[in-house]
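These notes are about the structure you will find just below.
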Amino acid sequence: MLPEALRARRSAPRGNPSSPHAEGREARAALDRARDMAAEVLGTGTRELVFCSSGTEAVNLALFGAARRLPPGRSVVTWTAEHQSALGAVRQLQLEGRPLDLLSVDGGCLADPADIPERAGLISIGLANNEVGAIQPVAAIAAQARQLGAVLHVDCCQGPRWLEPPIGECDLASFSGHKLGAGGGGLLVVRDTVRIDPLLLGGPQEWQKRAGHLEVGQAVAVASALDITSRERQRRASVARHQSSLLRGALEAAGGRPVAVRPVLPNFACATFPGRRGEDLLLALDLAGIAVSSGAACAAGSIDPSHVLLAMGYSLDEAASGLRISTGYDTVSEQVDRVVRLLPNLIGHRAAARG
């Protein structure tokens, strides 16, 4: 967690913001301040913000909420390399009878706006890919959506620390609190021109878009993290770009084949190690106190190859051998230097042991 977000969460009132007593009013006031802060950072109206429990809930609320209001025959459109929270939602919508167009990405993990069919009613694209860091052509996709009269959802869960969210281009935008440094929570932007159905029923909270008790501390932390990242974005991205360049060199020195993605988030370094298992490499590094990933963090424990690398055209062997090192705000040069120094030998030792 960002220190500022942690302090904000710890100092937040613990009352129920829906209750009329003094403790409830205090909590409501804190929630309103958090909503005002988030709206100012994102450039939206306060009534266009819906606090959620996670980024996954925000994505699901956007997709189910908007898709269930589409006219018959209009399809939901997304791409094969998207996050599982989006892919799981659109496949469920397909089971419910909604037409689905699941489009391919190119070898650099980029979506092509020209592939969007005319029947599109709801388009969902990630601002940046969570496994390889590819930054998508959101502006071009938004232009195509407007031409087709389709609703555009941008999954902004990955990227806002390093990129300005394209709120002006989209109708719906989802955010993940833990990726912002808030420790949890989520946020959905629903522009006032869009209507969605709620996923959770039973109360009038969040403008009747999300029923249920709101954790004020979580919402306050999300707003605080949004504020910090908006002010720190440019400076931090410059540092991350230098760090990831060094880490990419270390992956190559260890025998990795770089995952060629451009444009890419400044804090990503990815490579494949054909003939190896990404999870084995991860464990070898973990024993040395180096935390990396071999796929999506939310799929930890899965032995399946990366669906993102498969979507990019990598073989099953290559997709199972991916390794990603990503940096954060608290990553310092000494840590990067240690990884650069140790990585080739650590992975080499594991290869020798297996041989």
Side-chain angles (χ1 to χ4, degrees), residues 50-105 109 111 115-131 136 141 145 148-158 170-179 184-191 194-203 205-206 208-212 295-308 310-311:
V50 179
F51 284 111
C52 301
S53 64
S54 64
T56 292
E57 185 194 342
V59 169
N60 274 249
L61 176 56
L63 295 178
F64 283 107
R68 288 170 176 168
R69 282 181 170 257
L70 291 178
R74 299 297 295 271
S75 70
V76 176
V77 177
T78 194
W79 283 263
T80 51
E82 288 302 295
H83 191 274
Q84 291 292 3
S85 62
L87 293 176
V90 299
R91 285 169 177 144
Q92 178 60 36
L93 286 165
Q94 184 181 35
L95 290 175
E96 295 175 6
R98 175 60 55 184
L100 171 64
D101 290 300
L102 190 58
L103 307 179
S104 299
V105 295
C109 200
D115 291 340
I116 300 172
E118 291 188 2
R119 69 174 185 169
L122 170 63
I123 301 168
S124 181
I125 185 70
L127 172 61
N129 186 269
N130 65 299
E131 287 194 28
Q136 296 294 347
I141 292 171
L148 297 173
V151 174
L152 177 62
H153 164 246
V154 178
D155 176 359
C156 295
C157 292
Q158 189 76 46
C170 54
D171 303 295
L172 300 158
S174 49
F175 293 84
S176 166
H178 86 270
K179 288 186 179 290
L187 184 68
L188 178 64
V189 175
V190 184
R191 303 316 299 256
V194 179
R195 297 292 177 267
I196 63 172
D197 287 341
L199 280 179
L200 304 179
L201 305 171
Q205 294 91 341
E206 296 302 280
Q208 299 184 332
K209 294 182 177 70
R210 184 197 185 266
C298 50
S302 171
I303 60 173
D304 294 333
S306 163
H307 80 282
V308 173
L310 288 174

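Note that the structure is a prediction, hence the values are computed from the model and not measured. Hydrogens, waters and symmetry mates are skipped; everything else that's a heavy atom, side chains included, is used.
From F64, atom CZ reaches atom CZ of R69 across 16.0 Å, with rounding to the nearest 0.5 Å. Between the CG atom in L188 and the OG atom in S174 there is a gap of 6.5 Å [rounded to 0.5 Å]. Rounding to the nearest 0.5 angstrom, the gap separating the CG atom in L187 from the OG atom in S176 is 10.5 Å. With values rounded to the nearest 0.5 angstrom, E118 atom CD is found 11.0 Å from S75 atom OG. The CG atom of D171 lies 12.0 Å from the CZ atom of R195; values are rounded to the nearest 0.5 Å. Note that the CG atom of L201 and the CZ atom of R210 stand 12.0 Å from one another [nearest 0.5 Å].
Looking only at distances, no side-chain donor or acceptor of Q158 sits under 3.5 Å from a matching main-chain atom of G126. Between the R98 side chain and the Q92 main chain, no donor and acceptor come within less than 3.5 Å of each other. Under the 3.5 Å distance criterion, the side-chain polar atoms of R74 are matched with a main-chain donor or acceptor of A120.
Looking only at atom types and distance, the side chain of H307 has no donor-acceptor partner in the side chain of T80 under 3.5 Å away. Inspection of the E82 and T78 side chains reveals no N or O donor paired with an N or O acceptor under 3.5 Å.
Summarising the geometry of L148 relative to P117, their closest heavy-atom pair is CD1-O, 3.4 Å, with the distance given to 0.1 Å.
Sparse packing is recorded around CD of Q208, with 12 or fewer heavy atoms of other residues, nucleotides or ligands lying under 6.0 Å away.
Between D197 and K209, no side-chain nitrogen of the basic residue sits less than 4.0 Å from a carboxylate oxygen of the acidic one, so the salt-bridge criterion is not met.
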